[in-house]
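Reckoned from all heavy atoms, side chains included, excluding hydrogens, waters and symmetry mates. Just so you know, these numbers come straight off a predicted model, no measurement behind them.
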Amino acid sequence: MSVVKINVLSVPAEQREVLEQRFAARAGSVENSDGFEWFELLRPVEGTDQYLVYTRWATEADFEKWMATSMRGAHGGGSAEGSDRPKPAAAGSTLWSFEVVQQAAPK
């Protein structure tokens, strides 16, 4: 079965719009990756500053390959001295990993 990766991003209120615009600007960048199955950016509604970036992959190896190649180019890190790369919108992140053991779809 598939594997799910959830990147938990702590995003200060003043950076929410920046984060969402950055994801919108790179729409389509993961969809052609081998083994990619699904993506969702989940905005917090109340009680937290944490966005969830949900992706589902056919295998762990597919996710790891994407991490080592395409994702590194798109997320090469924050602004460094003399770099044109913008400052990260998130104040921190944690990656959660899951295996899908059951699933259901509408009939």
Side-chain angles (χ1 to χ4, degrees):
M1 283 223 142
S2 301
V3 295
V4 169
K5 301 296 181 172
I6 300 173
N7 194 4
V8 183
L9 303 175
S10 297
V11 181
E14 66 275 7
Q15 291 293 98
R16 286 178 156 203
E17 187 175 338
V18 171
L19 178 87
E20 292 179 22
Q21 288 175 349
R22 288 182 185 169
F23 270 93
R26 53 183 280 292
S29 64
V30 70
E31 285 88 330
N32 293 322
S33 299
D34 290 342
F36 172 79
E37 296 180 350
W38 198 260
F39 162 85
E40 291 178 321
L41 176 61
L42 306 176
R43 176 192 302 138
V45 176
E46 59 187 31
T48 186
D49 67 350
Q50 295 181 320
Y51 276 72
L52 301 180
V53 182
Y54 173 100
T55 58
R56 190 175 67 221
W57 301 86
T59 68
E60 180 70 23
D62 290 326
F63 171 75
E64 290 175 7
K65 180 179 176 186
W66 175 75
M67 285 287 291
T69 57
S70 302
M71 193 285 295
R72 289 284 176 233
H75 298 82
S79 183
E81 287 285 324
S83 171
D84 291 335
R85 186 173 292 281
K87 177 183 170 201
S93 69
T94 302
L95 183 64
W96 295 343
S97 299
F98 299 89
E99 291 179 333
V100 176
V101 294
Q102 290 185 13
Q103 61 186 17
K107 294 182 179 183

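- The number of heavy atoms from other shown groups lying within 6.0 Å of CD (Glu31) is above 12.
- The shortest side-chain heavy-atom distance between Val4 and Thr55 does not fall under the 4.5 Å cut-off.
- A heavy-atom distance below 4.5 Å is not found between the side chains of Lys65 and Ser33.
- Under the 30°/60° scheme for interplanar angles, the aromatic rings of Trp96 and Phe98 are found to stand perpendicular.
- Each of Glu60, Gln103, Glu37 was evaluated against Ser2; a single residue qualifies, Glu37, per the side-chain hydrogen bond (donor to acceptor under 3.5 Å, both in side chains) test.
- Within 6.0 Å of the CD atom in Glu17, the count of heavy atoms belonging to other residues, nucleotides or ligands does not exceed 12.
- The aromatic rings of Phe39 and Phe23 sit parallel, their planes meeting at an angle under 30°, below the 60° perpendicular limit.
- When hydrophobic clusters are built by joining Ile, Leu, Val, Met, Phe, Trp and Tyr residues whose side-chain heavy atoms come closer than 4.5 Å, directly or via intermediates, Phe63 is not grouped with Met1.
- Both Val30 and Val3 belong to a single network of hydrophobic side chains, linked directly or stepwise wherever heavy atoms of I, L, V, M, F, W or Y lie under 4.5 Å apart.
- Closest approach of Asp62 and Gly35 over heavy atoms only: OD2-CA, 3.2 Å.
- Under the 4.5 Å side-chain heavy-atom criterion for grouping Ile, Leu, Val, Met, Phe, Trp and Tyr, Tyr51 is connected to Leu95 within one hydrophobic cluster.
- Counting heavy atoms from C-beta outward, Met67 and Lys5 have side chains that stay 4.5 Å or more apart.
- In this structure, Ala89 and Val11 approach most closely via the heavy-atom pair O-CG1, 3.9 Å.
- Residues Val100 and Tyr54 share a single hydrophobic cluster, defined by chaining ILVMFWY side chains whose heavy atoms lie under 4.5 Å apart.
- Taking every heavy atom of both residues into account, Asn7 and Thr94 meet most closely at OD1-O, 3.2 Å.
- Residues Arg16 and Thr48 approach most closely at NH2-O, 3.7 Å, considering heavy atoms.
- Asn32 contributes atom CG, which lies 13.0 Å from atom CH2 of Trp66 (distance to the nearest 0.5 angstrom).
- Each of Leu19 and Ile6 belongs to its own hydrophobic cluster when Ile, Leu, Val, Met, Phe, Trp and Tyr are linked at side-chain heavy-atom distances under 4.5 angstrom.
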